[in-house]
*Asks:* 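Dropping a structure here in structure tokens format, bear with me for questions.
What you see below is based on every heavy atom in this structure, not just the backbone, and it leaves out hydrogens, waters and symmetry mates. When a ligand or atom number is given, it counts from 1 through the structure's own listing order.
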Amino acid sequence: MDLKGKVAVITGAAVRIGRTMALTLAESGVDICIHYRSSKQEAEQTCKDIQRLGRKAVAVSADLSDSQKAASEVIDAVITEFGKVDILINSASVFENKSLMASSEDDWDSHLDINLKAPYFLCQQFAKSIKPEQRGHIVNLVDWRARRAGIGHLPYRISKAGLVTLTECLALELAPEIQVNAIAPGAILPPPDQDASYLEKRAEQIPLQRAGSPHDVCQALLYLLQSDFVTGEVLTVTGGEQL
Ligand SMILES: NC(=O)c1ccc[n+]([C@@H]2O[C@H](COP(=O)([O-])OP(=O)(O)OC[C@H]3O[C@@H](n4cnc5c(N)ncnc54)[C@H](OP(=O)(O)O)[C@@H]3O)[C@@H](O)[C@H]2O)c1
């Protein structure tokens, strides 16, 4: 896909990896809808930074735990603002360390609703908006741990495993008009409640002996979006940690 003049909606794009993806796509000529829930100021700042790069930007707030309603609101808002949407990036996520014995029904619901059900209905609304002559691209942010058994973060892992399955199934269902891929990051940014030492410890276990950066994720994103012959792929960006 030639990115110049395309329109992308990115969920959870006010801060962290989502923000870096938004700025990277803007640098490549893409107009951006920044979705956020609580980071209003940061979303507005990200819009300003995109506009400084010469692209259009709009910020839209929606709580993805009300998944179907939020999906309609977000896609409607981007169509109203830009007249079309070519790229959907599902990046918003919750990440809590809950084991089977420590998790409640609320933990299960919030992870499954925000990390899986919202992307599901966003994909549905996005696909409905694609016109016959248009081409679309969906990229889902998953996690390499979604493809491995492990202890802890259980509702999170299950939600991301579901998102991998959704990616592969939609790559078939939505072909040839829409490509659907995923990026599976490893240690990129510490969880908001941890400091840099979290990543330093993780780096010791990583074959490339360092944590990644949002820029590493953006390189994978640009590759997937610019490729016209890759769909149903889960691209790991981990420094080899999954091995
Ligand atoms: N960070 C890593 O190293 C890493 C590793 C593996 C996978 N990943 C995946 O990569 C993606 C980006 O990671 P990240 O660390 O940048 O994400 P993050 O900071 O954990 O979350 C991104 C955004 O999700 C939004 N969000 C949370 N609950 C929401 C809700 N109910 N409704 C709407 N939005 C909600 C928040 O928006 P507001 O701030 O506006 O509330 C938050 O800023 C995620 O899908 C994550 O699972 C990240």
*Asks:* Distances under 3.5 Å, N/O of ligand 1 against N/O of the protein: list each pair and its distance.
*Replies:*
{"unit_1": "ligand 1", "atom_1": "1 (N)", "unit_2": "Leu189", "atom_2": "O", "d": "3.4"}
{"unit_1": "ligand 1", "atom_1": "3 (O)", "unit_2": "Gly186", "atom_2": "O", "d": "3.4"}
{"unit_1": "ligand 1", "atom_1": "3 (O)", "unit_2": "Ile188", "atom_2": "N", "d": "2.9"}
{"unit_1": "ligand 1", "atom_1": "3 (O)", "unit_2": "Leu189", "atom_2": "N", "d": "3.0"}
{"unit_1": "ligand 1", "atom_1": "3 (O)", "unit_2": "Leu189", "atom_2": "O", "d": "3.2"}
{"unit_1": "ligand 1", "atom_1": "15 (O)", "unit_2": "Arg16", "atom_2": "NE", "d": "3.4"}
{"unit_1": "ligand 1", "atom_1": "15 (O)", "unit_2": "Arg16", "atom_2": "NH2", "d": "2.8"}
{"unit_1": "ligand 1", "atom_1": "16 (O)", "unit_2": "Ile17", "atom_2": "N", "d": "3.1"}
{"unit_1": "ligand 1", "atom_1": "19 (O)", "unit_2": "Arg16", "atom_2": "NE", "d": "2.7"}
{"unit_1": "ligand 1", "atom_1": "24 (O)", "unit_2": "Ser93", "atom_2": "N", "d": "3.2"}
{"unit_1": "ligand 1", "atom_1": "31 (N)", "unit_2": "Asp63", "atom_2": "OD1", "d": "2.9"}
{"unit_1": "ligand 1", "atom_1": "32 (N)", "unit_2": "Leu64", "atom_2": "N", "d": "2.8"}
{"unit_1": "ligand 1", "atom_1": "39 (O)", "unit_2": "Ser39", "atom_2": "OG", "d": "2.5"}
{"unit_1": "ligand 1", "atom_1": "40 (O)", "unit_2": "Arg37", "atom_2": "N", "d": "2.8"}
{"unit_1": "ligand 1", "atom_1": "40 (O)", "unit_2": "Ser38", "atom_2": "N", "d": "3.0"}
{"unit_1": "ligand 1", "atom_1": "40 (O)", "unit_2": "Ser39", "atom_2": "N", "d": "3.0"}
{"unit_1": "ligand 1", "atom_1": "40 (O)", "unit_2": "Ser39", "atom_2": "OG", "d": "3.4"}
{"unit_1": "ligand 1", "atom_1": "41 (O)", "unit_2": "Arg37", "atom_2": "NE", "d": "3.4"}
{"unit_1": "ligand 1", "atom_1": "41 (O)", "unit_2": "Ser38", "atom_2": "N", "d": "3.0"}
{"unit_1": "ligand 1", "atom_1": "41 (O)", "unit_2": "Ser38", "atom_2": "OG", "d": "2.6"}
{"unit_1": "ligand 1", "atom_1": "45 (O)", "unit_2": "Ser91", "atom_2": "O", "d": "2.7"}
{"unit_1": "ligand 1", "atom_1": "45 (O)", "unit_2": "Lys160", "atom_2": "NZ", "d": "2.9"}
{"unit_1": "ligand 1", "atom_1": "47 (O)", "unit_2": "Ser93", "atom_2": "OG", "d": "3.2"}
{"unit_1": "ligand 1", "atom_1": "47 (O)", "unit_2": "Tyr156", "atom_2": "OH", "d": "3.2"}
{"unit_1": "ligand 1", "atom_1": "47 (O)", "unit_2": "Lys160", "atom_2": "NZ", "d": "3.1"}

*Asks:* Could you go through the side-chain contact (heavy atoms from CB on, under 4.5 Å) check for Leu154 and Ser99 one step at a time?
*Replies:* CA-CA 6 Å; Leu154 191 55; Ser99 64; 5.9 Å; no
*Asks:* Looking at side-chain heavy atoms only, is the closest gap between Leu122 and Ile138 below 4.5 Å?
*Replies:* no
*Asks:* I want to check something: taking the side chain as every heavy atom from C-beta on, are Ile89 and Val9 in contact at a cut-off of under 4.5 Å?
*Replies:*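 No; the side chains remain at least 4.5 Å from each other.
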*Asks:* Just jot down the side-chain hydrogen bond (donor to acceptor under 3.5 Å, both in side chains) partners of Glu168, sequence neighbours excluded, or say none.
*Replies:*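 side-chain hydrogen bond (donor to acceptor under 3.5 Å, both in side chains) check on Glu168 returns Arg147.
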*Asks:* Only counting residues at least two apart or in another chain, list the ones meeting side-chain hydrogen bond (donor to acceptor under 3.5 Å, both in side chains) with Ser104.
*Replies:* Asp107
*Asks:* Run the salt bridge (Lys or Arg N to Asp or Glu O under 4.0 Å) test against Arg16 and tell me which residues pass, sequence neighbours left out.
*Replies:* none
